[in-house]
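Input: a single structure, listed below in structure tokens.
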Amino acid sequence: MPTSVLLNARTFLGNVWKLAAPYWRSEEKTRAWALLLAIVGLSLASVYLLVLLNEWNRQFFNALEQKDERDFFVLLVYFCFLAACYIAAVVYETYLEQMLQMRWRIWLTRQYLAGWLGNQVYYRLELEHRGTDNPDQRIAEDLRQFTAGTLGLGLGLMREAVTLASFAVILWNLSGALPLALGGRDMTVPGYLLWVALVYALVGSVLTHYVGRRLIGLNFMQERYEADFRYSLVRLRENAEGIALYRGEAPEQSALLERVEWIRANWWGLMQYTKRLNIFTIGYNQAAVVFPYFVAGHRYFSGAVPLGGLTQIASAFGQVQSSLSWFVNNYSTLAGWKASVDRLLTFHRALEDAAAEQRRPGGIEVQADDARTVRAEHLELALPGGRVLLTDAALAIAPGERLLIAGPSGAGKSTLFRALAGIWPYGRGTVHVPRGARVLFLPQKPYIPITSLRDAVAYPGAPGAFDDETVRAALSDVGLATFAERLDERENWAMRLSGGEQQRLAIARALLHAPDWLFLDEATAALDEPAERRLYELMLARLPRTAIVSIAHRPSVAAYHARRLDFTPGHAGMSLARG
């Protein structure tokens, strides 16, 4: 085997261990290892029972050949006992393996969700392409395939190794010696059937890899295309109204059918290579049924072994050949498992890189201190492509202040808010926030989770953070009184509410949470001017101590702010200017 192949296999297995090891060292390690040891014990018991069944096979067919009725019925009873024990061992081995698989998957899911959501890593991954398409599919599907495949293949390989060790001894003893004449010299080959099984399996493994090696890459791409198609369907559902208003059904259908065509084309490749692999592996396994009779039949006809001995040889040969052919029989499973591991490794590295960037010195740093104001110092903002939006800017927002930030569209006003929120990774400078201050940002399109209306209004607060009367009052105050009695309804409220109603709901959140600093990024742009005026008057009256910072284009909004900052062109990008 080429050295490069061995190095690649060693590197891959090292990466697999990197993904797997944390669970086996975690707070669940005691239960995990106990389950694994129980599974291994049951697996060894099932192999031992197969050895007993192999010996039973010899005795049973010898009894038939000798027409020994008493032994015949005794052995039938003994078989029932062995079969019952074997069934119990295999059933509970599978049951405990499924239990361990689910516990491992849930633990990994929690870890990956924490890594994905922690420090806004999910947001950073969306800003830059890091080869991590469809993180939802990697967390939901690839983790499931990784745990199931690692346990199934690992335990299967262990089981086959034990089976091989057990039946190789039996096959060696049953084979006898094969006399050969080579170059005029007489010689014998001890345990020749074992060597025949080894050569048979080795040739089969090499040919299987040659026939099916393309399946790994095809499985990888199939997972990607399937996930892309599902994501496109979800986006269509979430944007149903916009598509309907544009009469965009034709281009949407065309785009979806294009993704379906990618699935079809890749699936056709999977079909072709799976067909070739199945032709070989099915033929290989069918030949293995009669092959031991072909190579050992002469011993039966010569009288060296009885019928029971021949069937025992065939059974032992089948077990040895099956164990040695583990690679052949599991190649398709290995291909799918490796594809899921590769996708998971890519996602794992992206999470690590994004988290490392978050910890790396430099960039825009948000610090909590004992000052009374939210302020930015030496702030520079840039876009992912490198274009500078803001250079060496300073900004201070006092408690209770009313500040309007204005400027042309695309100048970078929303990016400034992202920097103040601590989620924008492109730039440098420092943002100081009073220690313990409550800060709330309301974007132009509010995020509304799929949950009860009560919890949707309370977001990002914990469920039950506000009593029903308080939530109803807030909804009524912002003009959503018709929804005040629907708090228990669980809906996709982003689809049920109009753009203006969603922005009213976001203002209700602000009234409930009463933050110390409230940032509104075109948060009332979907409302008519009278409604916008009422909501601003409501916020000024209900949140007298809250600093309100608004991005808005309507001149009427300026009346509710005492200070104005304009984005104006600078020599190296944009700079903040007092208005």
Side-chain angles (χ1 to χ4, degrees), residues 105-106 108-126 132-144 226-245 248 252 256 347 421 423 440-468 470-476 478-513 520-527:
R105 178 189 176 186
I106 295 301
L108 278 175
T109 300
R110 288 171 178 161
Q111 302 305 307
Y112 275 84
L113 283 177
W116 186 49
L117 295 175
N119 297 317
Q120 289 86 41
V121 167
Y122 65 95
Y123 179 68
R124 289 171 175 263
L125 294 182
E126 293 301 318
T132 53
D133 57 278
N134 304 297
D136 53 316
Q137 188 257 1
R138 302 191 186 214
I139 293 174
E141 185 64 19
D142 289 334
L143 282 179
R144 181 188 66 81
E226 295 282 2
D228 287 343
F229 181 55
R230 288 194 300 269
Y231 179 70
S232 298
L233 291 173
V234 171
R235 276 188 53 81
L236 188 148
R237 188 182 66 184
E238 291 179 345
N239 296 276
E241 183 176 352
I243 294 170
L245 290 173
E252 290 297 322
L256 289 172
F347 185 54
I423 67 172
L440 184 64
F441 288 83
L442 301 185
Q444 182 174 358
K445 182 173 176 56
Y447 170 69
I448 304 177
I450 301 176
T451 184
S452 67
L453 182 59
R454 176 190 298 101
D455 294 341
V457 179
Y459 188 86
F466 305 98
D467 61 71
D468 288 359
T470 302
V471 175
R472 290 192 183 99
L475 288 174
S476 297
V478 299
L480 295 177
T482 55
F483 293 90
E485 301 305 320
R486 301 176 61 182
L487 299 185
D488 292 321
E489 293 186 22
R490 186 183 182 90
E491 296 277 0
N492 184 353
W493 293 104
M495 297 290 292
R496 296 288 182 266
L497 302 177
S498 67
E501 289 172 334
Q502 292 181 44
Q503 291 190 337
R504 289 177 188 270
L505 186 147
I507 299 299
R509 288 175 179 168
L511 298 180
L512 290 175
H513 288 281
L520 300 99
D521 183 2
E522 296 283 345
T524 56
L527 298 167

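Here the structure is a predicted model, which means the values were calculated and not measured.
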If I take atom CG from residue Leu442 and atom OG1 from residue Thr524, how far apart are they, to the nearest 0.5 angstrom?
10.0 Å
Interatomic distance, CG@Asp467 vs CZ@Arg454, rounded to 0.5 Å, equals 10.0 Å
d(Leu256 CG, Asp228 CG) to nearest 0.5 Å is 11.5 Å
Distance col, row Arg110:CZ vs Leu143:CG, nearest 0.5 angstrom, shows 13.0 Å
Is Phe483 close to Leu497 at the side-chain level, that is, under 4.5 Å between some pair of heavy atoms?
yes
Taking the side chain as C-beta and beyond, is there a heavy-atom pair between Leu453 and Glu489 under 4.5 Å?
no
Taking every non-hydrogen atom, the tightest pair across Gln503 and Gln444
NE2-O, 2.9 Å
If we only count heavy atoms from C-beta on, is the Ile448 to Arg509 side-chain gap below 4.5 Å?
yes
Is it true that Glu501 and Arg504 have a side-chain N and a carboxylate O under 4.0 angstrom from each other?
no
Relative to the ring of Phe466, is the ring of His513 parallel (under 30°), tilted (30 to 60°) or perpendicular (over 60°)?
perpendicular
Quick check: closest heavy atoms across Val457 and Ala508, and the distance to 0.1 Å?
CG1-CB, 4.2 Å
If every non-hydrogen atom of Trp493 is compared with every non-hydrogen atom of Pro449, which pair is closest and at what distance?
CD1-O, 4.5 Å
Just how far is it from atom CD1 of Ile139 to atom CZ of Arg105, taken to the nearest 0.5 Å?
11.5 Å
Taking atom CZ of Arg472 and atom CD of Glu485, what is their separation to the nearest 0.5 Å?
5.0 Å
